[in-house]
Amino acid sequence: MAKKNRKIVRRDDGMDHTIKIAKLTVVDLRKDSLYNLVSRCPCLEELHLIRCKLSSSSFKLYSPKSNLKCLVLQYCICSAPPSHVGTLRHVAVNIPSLLQFKCEGISCYPTINNANNLTEAKIRILNTRENEHELLCKLLQDLHNVEVLTLCYQNLEVLGANGRRSLLTPLCNLKRLAITLLWVEKDLPNLMCLLRNSPSLEALSLDLHRIYEGAEGMISSVYNEDESTVLEPLLLPSDCVMHLTKIEIKNFQGLKVEMEFVKIMLQSSLCLKEMVICISSRYELLKQRIGEEHNGVLQMKKDAAVENILACTCASPDAQILIY
């Protein structure tokens, strides 16, 4: 039997089915260029925009049929008329397939629509606006399904400015929370508000930073057991942290507010298995900045802080405190 010849017809649909990851750094993006990239690359899963120049102060990416899983927007600016250069006034994303969203170095709170699949987010806002609390609560409402969340001290300042009231929508699915703090005296009380609204939290990571003014301020700011209590009125009910099993605190110094926070978390976390506190790196930095003549005082204060931590009462019988 004679074989029939088959005619193969290749159709050019204008799509690129080969691109899965696109990383654009310091690129001038024209109008609709991002939409065209996402819509014409159906296999695109990751899009990174780093220090790019946008043609408008409004960043909008609407692509309901996209397969995009990860979107990163870092330190992008607007290249519109001079009055708007450098400022993004509005960021809106509508990509139902999105699993990860990272937004850093911009001056407005993003709006994320159809984010039911979004499980991981990192938000770092440089500046705030008049209605900042409403914008932050709206953002956290958009992130209601997020399981992993990274925030910064600016976000906590917004919660503090509103009297530390409850969020509009609790983060009921949040399991891992990471936050960088700048002014721990102000930021830790604000953090307590966030913890009270994260009932499923399993892991908490804090990176503590502090701005100093001279050697005298540095020495007076380290561990001092005679300082007044700051967080005592803000004790956490145990049901707010009933799933918390791990706490990590970086750049710990031993400030009274830090010590009170450690005590509260140990006394409230019934299922805690591990608290890891890094204190050595902070004191090494203090020694370098203050000078060798103060090494003895710093070592004494460090030892007192460690002793005080180890003397804390733990509500969980399985809790281990690791200090390095």
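Residues: numbered from 1 along the sequence shown. Computation of the quantities below employed the complete heavy-atom set of this structure, encompassing side-chain atoms and omitting hydrogens, waters and symmetry-equivalent molecules.
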Shortest non-hydrogen contact from Leu88 toward Ser107: O-OG, 3.5 Å
Output the distance between atom NZ (Lys138) and atom OG1 (Thr111), rounded to the nearest 0.5 Å. 5.0 Å
Donor-acceptor pair, distance only, cut-off 3.5 Å: does the side chain of Asp142 make one with the backbone of Ile112? yes
Just checking, any donor-acceptor pair under 3.5 angstrom between side chains of Thr18 and Asp16? yes
Contact check, side chains of Leu49 and Leu73, non-hydrogen atoms, under 4.5 Å: yes
Can you tell me how far apart OG1 (Thr25) and OH (Tyr75) are? Round to the nearest 0.5 Å. 14.0 Å
Run through the side-chain heavy atoms of Ile, Leu, Val, Met, Phe, Trp and Tyr, join any pair under 4.5 Å, and report what else lands in Tyr324's cluster. Val276, Leu322
Find out if a path of hydrophobic residues (ILVMFWY) with successive side-chain heavy-atom gaps under 4.5 Å connects Ile264 to Leu270. no
Verify, without hydrogens or angle tests, whether Asp187 (side chain) and Leu182 (backbone) share a donor-acceptor contact under 3.5 angstrom. yes
For the residue pair His17 and Cys43, establish whether any side-chain heavy-atom pair is separated by less than 4.5 Å. yes
What verdict does the side-chain contact (heavy atoms from CB on, under 4.5 Å) test give for His144 and Asn116, after you've listed the backbone C-alpha separation in whole Å, the side-chain angles of each residue and the deciding distance to 0.1 Å? CA-CA 8 Å; His144 64 281; Asn116 290 333; 3.5 Å; yes
Could you pull out the closest heavy-atom pair between Met265 and Val241, with the gap in Å? CE-CG1, 4.2 Å
Would you say the side-chain atoms of Thr180 pair up with the backbone N or O of Cys152, donor to acceptor, closer than 3.5 Å? no
Any chain of hydrophobic side-chain contacts (each under 4.5 Å) joining Leu151 to Val148? no
Can you tell me if NZ on Lys53 sees more than 12 non-hydrogen neighbours from other groups inside 6.0 Å? no
Under the 3.5 angstrom rule, does the side chain of Gln253 hit a backbone N or O of Arg282 as a donor-acceptor pair? no
CD (Gln267) and SG (Cys312) are apart, to the nearest 0.5 Å, by 7.5 Å
Is Leu206 close to Phe252 at the side-chain level, that is, under 4.5 Å between some pair of heavy atoms? no
Could you go step by step and tell me if Ser280 and Lys302 meet the side-chain contact (heavy atoms from CB on, under 4.5 Å) rule? CA-CA 8 Å; Ser280 298; Lys302 176 184 175 183; 3.3 Å; yes
Compare all side-chain heavy atoms of Leu204 with those of Leu195 and state whether any distance is below 4.5 angstrom. yes
Give the minimum heavy-atom separation between Ile125 and Cys108, together with the two atoms involved. CD1-O, 3.3 Å
Taking side chain as C-beta onward, heavy atoms only, is Ser281 less than 4.5 Å from Asn251? yes
Under 4.5 Å between side-chain heavy atoms, counting indirect links through other Ile/Leu/Val/Met/Phe/Trp/Tyr residues: same cluster for Val72 and Leu37 or not? no
Separation of Asp303 CG from Asn308 CG (nearest 0.5 Å): 12.5 Å
CG-CG distance between Leu47 and Leu34, expressed to the nearest 0.5 angstrom: 6.5 Å
Counting neighbours of CD on Gln299 that are heavy atoms of other residues, nucleotides or ligands and sit closer than 6.0 Å, is the number greater than 12? yes
With sequence neighbours left out, which residue pairs that include part of residues 29-49 fulfil the side chain to side chain donor-acceptor pair (under 3.5 Å) condition? Glu46-His48
I need the single residue from Leu194, Ile247, Leu177 that forms a side chain to side chain contact (heavy atoms under 4.5 Å, CB included) with Leu201. Which is it? Leu177
Which heavy atom in Pro64 sits nearest to a heavy atom in Pro96, and how many Å separate them? CA-CD, 3.6 Å
Provide the closest heavy-atom pair for Ser316 versus Ser269 in the form atom of the first, atom of the second, distance. CB-O, 3.5 Å
Nearest atoms (heavy-atom pairs only) where Leu171 meets Pro199: O-CD, 3.9 Å
Can you confirm whether Ile323 sits close enough to Met275 that some side-chain heavy atom of one is under 4.5 Å from a side-chain heavy atom of the other? no
CG-OG1 distance between Leu272 and Thr245, expressed to the nearest 0.5 angstrom: 7.5 Å
Does the side chain of Thr150 reach to within under 4.5 Å of the side chain of Glu120, using non-hydrogen atoms? no
So, does Glu260 use its side chain to make a donor-acceptor pair with the main chain of Lys256 at under 3.5 Å? no
A side-chain contact here means heavy atoms from C-beta on lying under 4.5 Å apart; do Lys250 and Ser205 qualify? yes
Test your reading of the model: is there a side-chain donor-acceptor pair from Ser200 to the backbone of Leu174, 3.5 Å cut-off? no
Do the side chains of Leu99 and Leu61 join up, straight or via other hydrophobic residues, at under 4.5 Å, putting them in one cluster? no
Would you call Lys102 and Glu104 a salt bridge, using N to O less than 4.0 angstrom? yes
Working for side-chain contact (heavy atoms from CB on, under 4.5 Å), residues Asn117 and Leu98: CA-CA 6 Å; Asn117 293 316; Leu98 207 60; over 6 Å; no
Does Ile50 form a side-chain contact (heavy atoms from CB on, under 4.5 Å) with Val26? I'd like the steps, not just the answer. CA-CA 6 Å; Ile50 304 172; Val26 196; over 6 Å; no
